[in-house]
J.: 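Got a structure for you, questions after.
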Amino acid sequence: MQFVTADTHFFDQNLLGIDDFAPRPFRNVAAMNQAIITHWNEKVNDNDIVYHLGDIAVYFVKPPKRAYQAIFHLLSELNGHLVLIKGNHDSRALFKYLSAHNYDLNGYPKFEFHDVGKLIKFDHRQYYMTHYPLWLGIAPQIIDLHGHIHHYSMPHNENINVGIDSPELAYLGHNVAFGEPLSMAEVETMVKGKADDFAKRG
């Protein structure tokens, strides 16, 4: 199966607590990290693909290699093959470290890397996966899946925020565990829900 997520922000102390941008009511980053890992692995298995649309982690320690090592070990705890699209908090140095330590999982690399985005086809629709939301214009068969804006939403129904803090998760009609990646079937539900919502607005 294929899944998508964004804005995990592992290790990011600045997002702890309640605010309008990214409410994360955890006592510490260890609790937040573990919640994401647990909910991820309850849904994803090692044969699945997860598209991570950027802002994997925010962790500043010296030397930086210590941060890269910690992020690598954390990502290794997550089930599935990770297709990593670079976010504004993801350094090329991190991607270089992960690439140097990449390994095979069931015959395929654990990590795949993209600087800008990746286009996939699913169920007669094209999805352009990016970190930053893109305005693609009127292109009914192309949907931009993105993160970056956390608890905000783009005013276009062709943009779907798939980040773990996204308000558009409400279009699913059921609760999503914090950090749980979205299946492509769930993404389709969000696309339809947002389109219906915008149609009602006129």
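Quantities reported herein were computed from a predicted structural model and do not represent experimental measurements.
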J.: Could you tell me which non-hydrogen atom of Asp55 sits nearest to which non-hydrogen atom of His89, and how far apart they are?
T.: OD1-N, 2.9 Å
J.: Let me confirm one number: the CD-CD distance from Glu186 to Glu180, rounded to the nearest 0.5 Å.
T.: 6.0 Å
J.: Please report the shortest heavy-atom distance between Met184 and Leu145, naming the atom on each side.
T.: CE-CD1, 4.4 Å
J.: Side chain of Asn28, backbone of Ala31: donor and acceptor closer than 3.5 Å?
T.: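 The answer is yes, because a donor-acceptor pair under 3.5 Å joins these two groups.
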J.: Taking Asp46's backbone N and O only, do any of them form a donor-acceptor pair with Asn79's side chain (distance below 3.5 Å, no angle check)?
T.: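 No; zero donor-acceptor contacts below 3.5 Å.
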J.: Could you label the plane-to-plane angle of the Tyr103 and Phe111 rings as parallel, tilted or perpendicular, counting under 30° as parallel and over 60° as perpendicular?
T.: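 The rings of Tyr103 and Phe111 stand perpendicular, inter-plane angle above 60°.
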J.: Decide whether Tyr51 and Glu112 meet the rule of one side-chain donor and one side-chain acceptor closer than 3.5 Å.
T.: no
J.: For Phe122, give me all partners under ring pair (Phe, Tyr, Trp, His ring centres under 6.0 Å), at least two apart in sequence or on another chain.
T.: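 For Phe122 there are no ring pair (Phe, Tyr, Trp, His ring centres under 6.0 Å) partners, ignoring immediate neighbours.
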J.: Have Asn106 and Asn47 got a donor and an acceptor in their side chains that come within less than 3.5 Å?
T.: yes
J.: Using the rule given for side chain to side chain contact (heavy atoms under 4.5 Å, CB included), can you reason through Leu78 versus Val50, listing the C-alpha separation, both sets of side-chain angles and the distance that settles it, and then say yes or no?
T.: CA-CA 10 Å; Leu78 299 174; Val50 182; over 6 Å; no
J.: Looking only at the side chains, is there a donor atom on one of His151 and Asp165 sitting less than 3.5 Å from an acceptor on the other?
T.: no
J.: Are the side chains of Asn161 and Pro133 in contact, using a 4.5 Å heavy-atom criterion?
T.: no
J.: Using a 3.5 Å distance criterion without hydrogens, assess whether the side chain of Trp40 forms a donor-acceptor pair with backbone atoms of Gly179.
T.: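 No, the answer is negative, given that no donor and acceptor are paired below the 3.5 Å cut-off.
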J.: Quick check: is Ile120 connected to Met190 through a chain of hydrophobic side chains (ILVMFWY, heavy atoms under 4.5 Å apart)?
T.: yes
J.: Would Leu75 and Phe10 satisfy side chain to side chain contact (heavy atoms under 4.5 Å, CB included), going step by step from the backbone distance to the final call?
T.: CA-CA 10 Å; Leu75 294 181; Phe10 289 114; 4.3 Å; yes
J.: Can you tell if the side chain of Leu169 reaches within under 4.5 Å of the side chain of Leu182, non-hydrogen atoms only?
T.: yes
J.: Hydrophobic clusters here meaning ILVMFWY residues chained together by side-chain heavy-atom distances under 4.5 Å, can you tell me if Phe113 and Leu105 are in one?
T.: no
J.: Is the closest side-chain heavy-atom distance between Arg24 and Asp12 below 4.5 Å?
T.: no
J.: Measure from the ring center of Phe178 to the ring center of Phe26 and say whether it is less than 6.0 Å.
T.: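 Between Phe26 and Phe178, which both carry aromatic rings, the centre distance is below 6.0 Å.
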J.: Do other residues, nucleotides or ligands put more than 12 heavy atoms under 6.0 Å from the CD atom of Gln69?
T.: yes
J.: Do Tyr171 and Asp196 have side chains that get closer than 4.5 Å, going by heavy atoms?
T.: no
J.: What pair of heavy atoms forms the shortest contact from Glu168 to Asn159, and how long is it?
T.: OE1-O, 3.8 Å
J.: For residues His131 and Asn88, is any side-chain donor paired with an opposing acceptor at under 3.5 Å?
T.: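 Their side chains do contain a donor-acceptor pair, which is all the 3.5 Å distance test asks for.
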J.: Would Arg92 count as a cation-pi partner of Phe95, with NZ or CZ less than 6.0 Å from the six-membered ring centre and within 45° of the ring normal?
T.: no
J.: Without swapping roles, check the side chain of Thr5 against the backbone of His52 for a donor-acceptor pair under 3.5 Å.
T.: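 The answer is no, because no donor-acceptor pair under 3.5 Å joins these two groups.
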J.: Can you tell if the side chain of Asn14 reaches within under 4.5 Å of the side chain of Val58, non-hydrogen atoms only?
T.: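 No, every pair of side-chain atoms sits at 4.5 Å or beyond.
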J.: Where is the tightest heavy-atom contact between Pro181 and Phe3, given as atom of each residue plus distance?
T.: CB-CB, 3.8 Å
J.: Would you compute the distance between atom CD1 of Ile49 and atom NE2 of His81 and round it to the nearest 0.5 angstrom?
T.: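 Between Ile49 CD1 and His81 NE2, I get 7.0 Å after rounding to 0.5 Å.
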J.: To the nearest 0.5 angstrom, please state how far the OH atom of Tyr152 sits from the NE2 atom of His150.
T.: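 Between Tyr152 OH and His150 NE2, I get 11.0 Å after rounding to 0.5 Å.
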J.: Under 30°, 30 to 60°, or over 60°: which ring-plane class applies to Tyr97 and Tyr68, parallel, tilted or perpendicular?
T.: tilted
J.: Would you confirm whether Lys192, through its side chain, and Val187, through its main-chain N or O, come within 3.5 Å as a donor-acceptor pair?
T.: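 No: the side chain of Lys192 does not pair with the backbone of Val187.
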J.: Work out which heavy atom in Ala70 is nearest to a heavy atom in Tyr59; give both atom names and the distance.
T.: CB-CE2, 3.8 Å
J.: Can you confirm whether Asp144 sits close enough to Thr130 that some side-chain heavy atom of one is under 4.5 Å from a side-chain heavy atom of the other?
T.: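 A side-chain contact exists here, since the closest heavy-atom pair is under 4.5 Å.
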J.: Before you tell me yes or no, could you show the steps for Ser76 and His101 under side chain to side chain contact (heavy atoms under 4.5 Å, CB included), namely the whole-Å CA-CA distance, both residues' side-chain angles and the distance that decides it to 0.1 Å?
T.: CA-CA 11 Å; Ser76 298; His101 294 81; over 6 Å; no
J.: Do any N or O atoms from the side chain of Lys194 and from the backbone of His156 form a donor-acceptor pair under 3.5 angstrom?
T.: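 Flag set: sc Lys194 to bb His156 pair under 3.5 Å.
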J.: Given side chains that start at C-beta, do those of Phe11 and Asn33 come closer than 4.5 Å, heavy atoms only?
T.: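 With C-beta onward as the side chain, the pair touches.
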J.: Give the cluster check for Tyr132 versus Met154: same hydrophobic cluster or not, with ILVMFWY residues linked at side-chain heavy-atom distances below 4.5 Å.
T.: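 Per the 4.5 Å side-chain linkage, Tyr132 and Met154 are not co-clustered.
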J.: Do Leu134 and His146 have side-chain heavy atoms sitting under 4.5 Å apart?
T.: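 No, their side chains stay 4.5 Å or more apart.
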J.: For the CD1 atom of Ile56 and the CD1 atom of Ile71, what is their distance to the nearest 0.5 Å?
T.: 7.5 Å
J.: Residues sharing Tyr108's hydrophobic cluster, by side-chain heavy-atom contacts under 4.5 Å among ILVMFWY, directly or via others?
T.: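 Members other than Tyr108 - counting any ILVMFWY side chain reachable under 4.5 Å - there are none.
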J.: I need the minimum non-hydrogen distance between Met129 and Leu53, along with the two atoms involved.
T.: CB-CD2, 3.6 Å
J.: Looking at NZ of Lys110 and CG of Leu82, how far apart are the two atoms once the value is rounded to the nearest 0.5 Å?
T.: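 That separation rounds to 5.5 Å.
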J.: Examine distances only and state if a side-chain atom of Ser166 and a backbone atom of Val162 form a donor-acceptor pair shorter than 3.5 Å.
T.: no
J.: For the pair Arg201 and Asp197, evaluate salt bridge (charged side-chain N to carboxylate O under 4.0 Å, His left out) and give the outcome as yes or no after the intermediate values.
T.: CA-CA 7 Å; Arg201 300 180 191 183; Asp197 182 21; 2.8 Å; yes
